[in-house]
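Have a look at the structure below, then the notes.
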Amino acid sequence: MRKEKTLRIKGEVYPLQPRRVMGILNSTPDSFFSGSRNEDATSLRRRIREMKAVGVDMVDVGGYSTRPGAPEVTVAEEWRRVSVALEVLREEWEDAIISVDTFRAEIARRSVEQFGVSIINDISGGDLDKDMWSCVAEAGVAYVLMHTRGTPADMQTLTDYDDVVAEVFEDLMRKASGLHQMGVADVILDPGFGFAKTVEQNYQLLASLEMFADTGMAVLAGMSRKSMIWRPLGITPEDSLAGTIALHTASLLKGADIVRVHDVAEAVQMRNVVEMLLAQDNK
C-alpha cells in the first residue's frame, strides 16, 4: 500500500494522489529539445493553453537552459525570461501551481514575491547559490532538491562514482536534513537524471527509485527526451517520445510522485492509465 504524500501549496494541503504531471514551460532560445523552446509571449501563451487544456497539474518555468555545455545567462536576462513567462501564466491560468526552475536565490525570491510561485526547482541542490536554502525557508515554499555535480558546463566530466545509487542517496539525505533543520517542510527529491551521470548510471538510479520514495518525501522524475534515451538508441531528442513515456511509466511504478515532461498530453494519458493499474493494489 502506497503511503499518501502531500505538499503544502499556498497554505493548503495538496495531495500527490493521483501522481502529478509537471509541464515544462521553457522561456529560452536554446533548450536541448527544440520543441520546447519559447522565445516570445505568443508561443508561451500557446504552450500554457495546451497544458491547461490537457489537465497538467503543475507548470515548471525556466529561463536558463541547463543542458550539458549550456552557455552562461546573466541574472538580468534570466529574470527577463522568467518574468515574461510568469506574467503570461498569470493572465492565462490564474490558479496554476507554478514551479520556477532556477539555481539563483534572487530569481527564486522575486518569483515568489511578485508572482506567488509555490515551488522552487533547483538543479544544483543549493550548491551554486549559498543563499538559496535560506530564501526557500523564508518564503515557505516547496523545494525540489536535485542531485548533480559541478555546473552545466562541466557536469558530464564528473561521473566517477564508486556506487552511484548510494552516493546520490547519501547526498540528498544529508541536504534534506539540512533543509528540514532550516524549516523547509516540503522537500521533493530528484535524483538528477542526466546530470553528472552516464547512461548506465541513470538506469541504475531508475532501477533503485523505490529507495528514494521510501523516505516518505515526494520524488520527482525528469527524464523527458534526455540522452539516456536517445543516445543508446542512436536517435535524437526529437525522436524520443516513446522512450520518454516508457521511462516515466517505470518511474511512477517505482514510486515517483511527479513526472516533469515536455509532452504534456501524452504524459497525462500515461499517468491516468498507470493510476488505473495501481488502483488495483488498493482493492
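Just so it is clear, the values below take in all heavy atoms, side chains as well, and ignore hydrogens, waters and symmetry mates.
Y14 and R20 share a donor-acceptor pair across their side chains, judged by distance under 3.5 Å alone. Neither side chain, T159 nor Q201, offers a donor N or O lying under 3.5 Å from an acceptor on the other. Looking at K175 and H147, their side chains never bring a donor and an acceptor atom within 3.5 Å of each other.
For A142, the side-chain contact (heavy atoms from CB on, under 4.5 Å) test picks out I119, D186, I188, with sequence neighbours left out. Contacts of S134 classified as side-chain contact (heavy atoms from CB on, under 4.5 Å), with partners at least two apart in sequence or in another chain: D131, E138, M182.
For the pair F195/I123, a side-chain contact is recorded, criterion being any heavy-atom separation below 4.5 Å from C-beta on. Side-chain contact between R109 and C135 is present, with heavy atoms from C-beta onward closer than 4.5 Å. The shortest distance between side-chain heavy atoms of R46 and E50 does not fall below 4.5 Å.
By the 30° and 60° cut-offs, the orientation of the rings of Y143 relative to W133 is perpendicular.
In terms of hydrophobic clustering, with Ile, Leu, Val, Met, Phe, Trp and Tyr side chains grouped at heavy-atom distances under 4.5 Å, L158 and L205 are assigned to different clusters.
Listed for the N272 side chain is no donor-acceptor partner under 3.5 Å among the backbone atoms of Q269. Under a 3.5 Å cut-off, the side chain of N202 and the backbone N or O of F193 do not form any donor-acceptor pair. Under the 3.5 Å distance criterion, the side-chain polar atoms of H262 are left unmatched by any main-chain donor or acceptor of I24.
Residue E94 qualifies as open at atom CD: its count of foreign heavy atoms under 6.0 Å is 12 or below.
The salt bridge (charged side-chain N to carboxylate O under 4.0 Å, His left out) contacts involving residues 158-167 comprise R149-E167, where partners must be two or more places apart or lie in separate chains.
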